[in-house]
Amino acid sequence: MKKYDFVKIEKHWQKEWEKDGTYVANDKSKKEKKYILIEFPYPSGEGLHMGHLRPYVAGDVYSRFLRMKGYEVMYPIGWDAFGLPAENFAIKKGIHPSISTAKNIANAKAQLKSWGMGFDWSREVNTTDPNYYKWTQWLFLKFFKAGLAYESKGLINWCPKDKTGLANEEVVNGCCERCGTTVEKKELRQWYLKITAYAEKLLEGLKTLEWENKIKIQQENWIGRSEGALIKFQITNDKSQTNSKFTNQNSELFIEVFTTRPDTLFGATYLVISPEHDAISNFQFLISNKEEVAKYVATTKNKSEEEQIENKEKTGVELKGIKAINPANNEEIPIFSADYVLSGYGTGAIMAVPAHDERDWDFANSVVSIETRESSAKYIRHVIEPKSYKDLISYHPYFYKIESGEKYEDVQDREAKNDFELLKHDKFCYPGEGMLVNSKQFNGLSVEEAKEKITEFVKGKKQIQYRLRDWVFSRQRYWGEPIPLIHCKKCGIVPVPEEELPVTLPDVKKYEPTGTGESPLATIESWVNTKCPKCGGQGKRETNTMPQWAGSSWYYLRYTDPKNEKEFAGKELLKQWLPVDVYFGGMEHTTLHLLYSRFWHEFLYDEKLVPTPEPYKRRIPHGIILGSDGEKMSKSRGNVANPDAIVNEFGADALRMYELFLGPHEATVSWNERGILGVSRFLDRIYGFILSTENEGTEDNEIKHVVHGTIKKIGEDIEEFKFNTAVSALMIFLNEIEAKKVNKETKNIFIKLLAPLVPHLAEELWHESGNKTSIHAEAWPTFDMALVEKNSFMLVVQVNGKVRDQIEVQKNITKEEAEKIAFASEKVKQHTAGKTPKNIIYVPGRILNIVV
RNA sequence: GCCGAGGUGGCGGAACUGGCAGACGCGCAGGACUCAAAAUCCUGUAAUCUUUUAGGUUGUGCGGGUUCAAGUCCCGCCCUCGGCACCA
């Protein structure tokens, strides 16, 4: 048997494909287009790893399959090359990031080629290329001119290690997404992109996409839409405590709260405002415990995000001397400031309804009762009564078990009596649905009805609120796109004129971030000082750079027309290729890149710069590959499987096929060093089988059925991204035909079925079989349904649900015929003898169950 | 706490719309080839019991239920992973 020399084969065909432009997408093709995309890699010094392999192989298999199915497929590649590692390397070694980046790209490119990736290299883009980032800057100016890029001073997330500001999306559990350092809050002047203006569009757009639900839900949650109302509470002085003659005749003096539960307004017994709320300074003249309040505000400022997460114990302080008036019942209620109310959400002020909100409940039972020296019961007023006992205990199962001494089983009894005794004891909080009580003329209404009516009654305003925050878009680092703006004392902020783009990164000697919130670019005076494009006077360049997400927010657009010098991409070509049909990528980008680029795209659609409202029609997420110990691959654990080492030992085809075989594409899987042997053996067997001439001859009838069944199965599996079962179907196929005589045609079909998964081996076998052109330009084999279905099947005969016999019968037999055959079986007779069948169920093509 | 996904042999995993649980592969055991080993090939491989060329029983996280039939559907729990996390 000839040996399968993958080293020689793979190198050889990789060169041939490159020479022939096998994977170059034709812009002028008459075929239907398919645009397949993977998240372009960051070219790091370590090279590409298993994490890259997974989506890339999936995209590669899928692209090759579609190409064979007759589509014009674009499967492009590029480099997301701005970012910290290159810059940190520059700080350490003094080598310009563009030099180390170029080196890393060359290396990663060689890796991708050695993996047999059928990328269209003619469309390669690089976000750090001035010809590319010229357009990133140009697009930024579009945002700026539309009023969606703005400068603002505020508390932002700051990574003390990377010494740069971060977007909300880049903070994971209070830590920097990149380096894991605990994030601090810092007051800084920053550039923002107004992504919140697109909150509704981002939500609406999701509905039109063929994405998996879990991704949609994650984005929905991140955007976090809630419907509620803005309600104003008049401010007055506390008559019991001060001698102030202040009476609030001025309707301007109020605190406005946002609530999703205006129906509980009669239960609002105090207000809480965030420590940053304006009211603290606005009502200074009335507040009698100014020092105490100032002290509290100061302590909350020093709390890190981490502390806040760890310590959920609520703290706060009463603003003495002032009161708010509940507009529903004109009651005077106290006002507190506490950091459980966030300044960035809603109005930064809430009405507290401890009887129906867990957080307010906690606060009432701790801070409020201590500060006011009153029993918390005073503040707990139930205004919603649960409809049933079940509603009630769904929020308090443990309470019932422990406090009341009742067993869970007694619930039904309680429910029958409709006994809400415990509710009246004010022993707990009920956040659920129900009917209004203690709410005067609104008593008896449902929660939904009351929301409307009470909002109206107190002249509140309906409001939709989002959790999404504007995108902090500036970074205080060197290796990023300069923000193309000029600060002029006379004209303000002036965009760099289009014809002067790109604003290129100047060479610097020190890349070190300053740590002061200024970018290293700020130290290069010759670069910073420039002319104002408007008045010609002295201007200073914006020295912040853009985040890494900028270049990746639109790269898929550039692929359609990567060399265009006049536009970011030509209209015709955008129309030709968009939208991306299938986008492979990880779940970790759901609320980062995937959200950001949708925002850019939707904006560009509104600006009539792109032809589709959404960029990515389908998104196929993948699970991560863990080490063989089931832990995340990491150098310190020593469980890293290196794709290049595996290519050297087993070949790219074995690597690819094994990766596909590991498990479902969307599942987390562990790499098992041994497992690849099975795939490697399989490839050897294929090689021997195809090249052998001894097994060629007249096929028996069974073969056709197997061949057509496999064509159907593999096609369906690839279409549904079920690569693991596609591999197993190929193995089953070889097991079925290996020992039999087959003809040349069957062998050719087998090679074609292999082609998307193991492109080198398939190409080699194709040529060894006497073909002169590439297998990857061949048409995908078709199947005949009549041959897939056999005209007989194994009838499973059960007696009382237990399998007793299997009999091969004609496909279209009737129930009566099936029964006749079944009862003739000795094995069946043994179990039915002397008994009369009560019922007989026949499922055509499958099963006959006799119940006795 | 909330949202999402999941729990199947020694291991990775398969199973259409409720219709033979464990495909395929790894590993393991036995055998062939070999002086020997590797490689390769063949056979077996959920557990358990019995009178073992065969047959019985149990079995898809746990406890119930629906059904002729449940990994799949319903009710109640447990556990693991991922996301969010005081968003009013």
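To find a chain, count down the sequence lines: A is the first, B the second, and so on, and within it residues start at 1.
- The nearest whole Å value for the distance from the CD atom in A/E170 to the P atom in B/C84 is 13 Å.
- Comparing A/R469 and A/K722 by the nucleotide of RNA chain B that holds the closest heavy atom to each, the one mapping nearer the 5' end is A/K722.
- Dashed line: the shortest gap from a side-chain N or O of A/R804 to OP1 or OP2 of B/G55 is not under 4.0 Å.
- As judged by a 4.0 angstrom heavy-atom cut-off over every strand, A/Q798 is placed among the base-contacting residues.
- A side-chain donor from one of A/N735 and A/R685 sits under 3.5 Å from a side-chain acceptor of the other.
- Among B/A14, B/C68, B/A88, the nucleotide with an atom closest to any side-chain atom of A/T260 is B/A88.
- Heavy atoms of A/T590 sit nowhere under 4.0 angstrom from any nucleic acid atom.
- Going from the P atom of B/A29 to that of B/A39 covers 13 Å, rounded to whole Å.
- Residue A/K314 places a side-chain atom within donor-acceptor reach of the base of B/C86, judged by atom type and a 3.5 Å distance cut-off alone.
- If you check the side chains of A/D470 and A/T196, you find a donor sitting under 3.5 Å from an acceptor.
- Under 3.5 Å, the side chains of A/N157 and A/K185 contain a donor-acceptor pair of N or O atoms.
- Atom C1' of B/G22 sits at a distance of 14 Å from the matching atom of B/G10, rounded to the whole Å.
- Because its glycosidic torsion is more than 90° from 0, B/G25 is reported here as anti.
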Checklist outcome for this item: Secondary structure of RNA chain B per the Watson-Crick/G-U criterion (both distances under 3.5 Å; [ ] crossing, | other strand, . unpaired) is (((((((..(((......[....)))((((((.......))))))(((((...)))))..(((((..]....))))))))))))....
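- Considering every non-hydrogen atom in both A/I384 and A/R261, the closest pair reads CG1-NH2, 3.8 Å.
- A/Y296 and A/S337 form no side-chain donor-acceptor contact under 3.5 Å, judged by distance and modelled atom types alone.
- Base engagement by A/Q806 is indicated by at least one non-hydrogen atom pair under 4.0 Å involving a base atom.
- The aromatic rings of A/W671 and A/Y658 stand perpendicular to each other, their planes meeting at an angle above 60°, with 30° marking the opposite boundary.
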Checklist entry - Quick one: what's the B/S/- string for nucleotides 22-28 of chain B, heavy-atom cutoff under 4.0 Å, read 5' to 3'? => result -BBSSS-
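- For A/Y345 and A/Y466, the ring centers sit 6.0 Å or farther from each other.
- Whole-Å rounding puts the A/H622 NE2 to B/A5 P distance at 19 Å.
- To the nearest whole angstrom, the two C1' atoms, one in B/G9 and one in B/A37, are 32 Å apart.
- Counted by atom type alone, A/R225 and A/Q465 present zero donor-acceptor pairs between their side chains at under 3.5 Å.
- Side-chain proximity of A/T259 to B/A14, B/A88, B/G19: nearest is B/A88.
- Going from the P atom of B/G19 to that of B/C84 covers 37 Å, rounded to whole Å.
- Counting only heavy atoms from C-beta on, A/V851 has its side chain closest to B/C68 among B/A14, B/G19, B/C68.
- If you take atom P in B/A21 and the same atom in B/A38, they sit 38 Å apart, rounded to whole Å.
- Salt-bridge annotation for A/E227 and A/K462: absent, with no side-chain N of the basic residue lying under 4.0 Å from a carboxylate O of the acidic one.
- With P as the reference atom, B/U45 and B/G25 are 14 Å apart, rounded to whole Å.
- Judged by distance alone, the side chains of A/Y687 and A/D5 never bring a donor and an acceptor atom under 3.5 Å apart.
- Distance CD1 (A/I223) to C1' (B/A85): 17 Å, rounded to an integer number of Å.
- Nucleotide B/C3 holds its P atom 19 Å from the CH2 atom of A/W222, rounded to whole Å.
- Proximity note for A/V172 (side chain, C-beta onward) versus B/C84, B/A88, B/G19: the nearest is B/C84.
- Looking at A/N849, its side chain comes within 3.5 Å of the base of B/C68 through a donor and an acceptor atom.
- Among the heavy atoms of the strands, none lies under 4.0 Å from A/S670.
- Distance noted for atom P between B/U80 and B/G65: 28 Å (whole Å).
- Comparing the P positions of B/U66 and B/C74 gives a spacing of 15 Å, expressed to the nearest Å.
- The CG atom of A/N695 lies 8.5 Å from the CD1 atom of A/I737; values are rounded to the nearest 0.5 Å.
- Under the 3.5 Å distance criterion, with hydrogens and angles disregarded, no donor-acceptor pair is assigned to the side chains of A/E169 and A/W471.
- Residue-level contact check: A/V341 touches the bases, meaning some heavy atom is under 4.0 Å from a base atom.
- The CG atom of A/D684 sits 8 Å away from the P atom of B/U40 (whole-angstrom rounding).
- Between B/A88 and A/Y340, no contact under 4.0 Å exists linking OP1 or OP2 to a side-chain N or O.
- Mapped onto RNA chain B by nearest heavy atom, A/K713 and A/R467 fall at different nucleotides, with A/K713 at the one closer to the 5' end.
- Residue A/L734 contributes atom CG, which lies 14 Å from atom C1' of B/C41 at whole-angstrom precision.
- In this entry the distance linking CD of A/E666 with P of B/G4 reads 18 Å, nearest Å.
- Between A/N221 atom CG and B/C84 atom P the separation is 10 Å, expressed in whole Å.
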